[in-house]
Amino acid sequence: MSTINFESIRMGKFTLRFKPYTLEMRHVFTVASFSRTTTPVVLTELEYDGIVGYGEASMPPYLGETQESVMQFLRKIDLSAFTSPFQTAEILSYVDQIAEKNTAAKAALDIALHDLLGKIMNQPFYKIWGLNPDLIPPTSYTIGIDSEDMIRKKVAEADQFKILKVKLGLDTDKMIIDTIRSVTDVPLCADVNQGWKNKEEALEMAHWLHEKNVVFLEQPMPKEMIDENAWLTAHSPIPTIADEGCQRLVDVPKLQGVYTGINIKLMKCTGMREAKQMAELARSLDMKVMLGCMTETSCAISAAAQLAPLVDWADLDGALLIGNDIYDGMKVENGKCILPDRPGIGIRLK
Ligand code: MG
């Protein structure tokens, strides 16, 4: 890649480069708590021995990180004590303890490191992990909260998808579902983004949505309402999935019994390494696993897709929602995720 506009930090055998970039959304995107038309990201490159791995941090505003906070975090990283990128566990533990939180910034380094390792081994990361890409579930495509006309238009545009994700949580929930059902009978999943506040009403909606072929319910109530979410999970005819309520590996065991499953996102959990640990831990606890994303370029999406064979539901539409993706990577064909047969996370500049 051209190194123009990248800030560059040399540290021993490693060089870390990064620059801010703004993603432009194809449509105004509305969920229960906000609307937006752009998403700030930071693109990273980690070079070792002439080989470059790509990474990305995506910062939807509600998560508290910014381009500036990510770049400040990246400036604190000093890998000069490490002699090889294969010291992966040590490198990522070191990065994690530099400061609390900063999970997207940590993911930007983690993804670049995994891409670099895959390129050194000359294999795609899903193969290094021994995963079968035929097991990747079809990805959902997200329909934001909108007017009836816009919803019809967006659903028509999304006709290749075998499952749609619908954002709920305002007072228009039934209108949205009925509008979609007037156009298509494709299975839906519903993301309430903590929008419901009453467990009895949530259960009533869960039954109503079940009849409308909604297959699971993501973050129905605020994450702090642990007992209410557990009660809903015990009574709901469809699985419940923790998203806002599940950030990192340490959260997973606490959520057993509170939700049926978890939504793993690289930007919440510091990257590919911990995401895989979370998927495996959730599985061992007999919980369902969903793999989600933020609005991201094909960089972070292709990184997440490497572990998609491990999950029950994939929601990897982040790069499809933007108009200025600079990478070529995971493709979606007929609703199916197609992993590139290239080393690392499999991306290249367009
Ligand atoms: Mg969600």
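Whatever order the structure lists ligands and atoms in, that order sets their numbers, starting from 1. Keep in mind the model is a prediction, meaning the values are calculated, not measured.
Counted by atom type alone, Thr270 and Asp110 present zero donor-acceptor pairs between their side chains at under 3.5 Å. Trp196 and Asp173 form a side-chain donor-acceptor contact under 3.5 Å, judged by distance and modelled atom types alone. Using modelled atom types and a 3.5 Å distance limit, the side chains of Ser80 and Asp78 yield a donor-acceptor pair. Side-chain contact of Asp315 with Ser140: a donor-acceptor pair under 3.5 Å is present, judged by distance alone.
Note: the hydrophobic cluster containing Phe216 does not contain Ile136 (ILVMFWY, side chain heavy atoms under 4.5 Å, direct or indirect links).
Protein nitrogen, oxygen and sulfur atoms, that is N, O or S, within less than 2.8 Å of the Mg ion (ligand 1) amount to 3.
Under a cut-off of 6.0 angstrom, the local environment of NZ in Lys13 is sparse, with at most 12 non-hydrogen atoms contributed by other residues, nucleotides or ligands.
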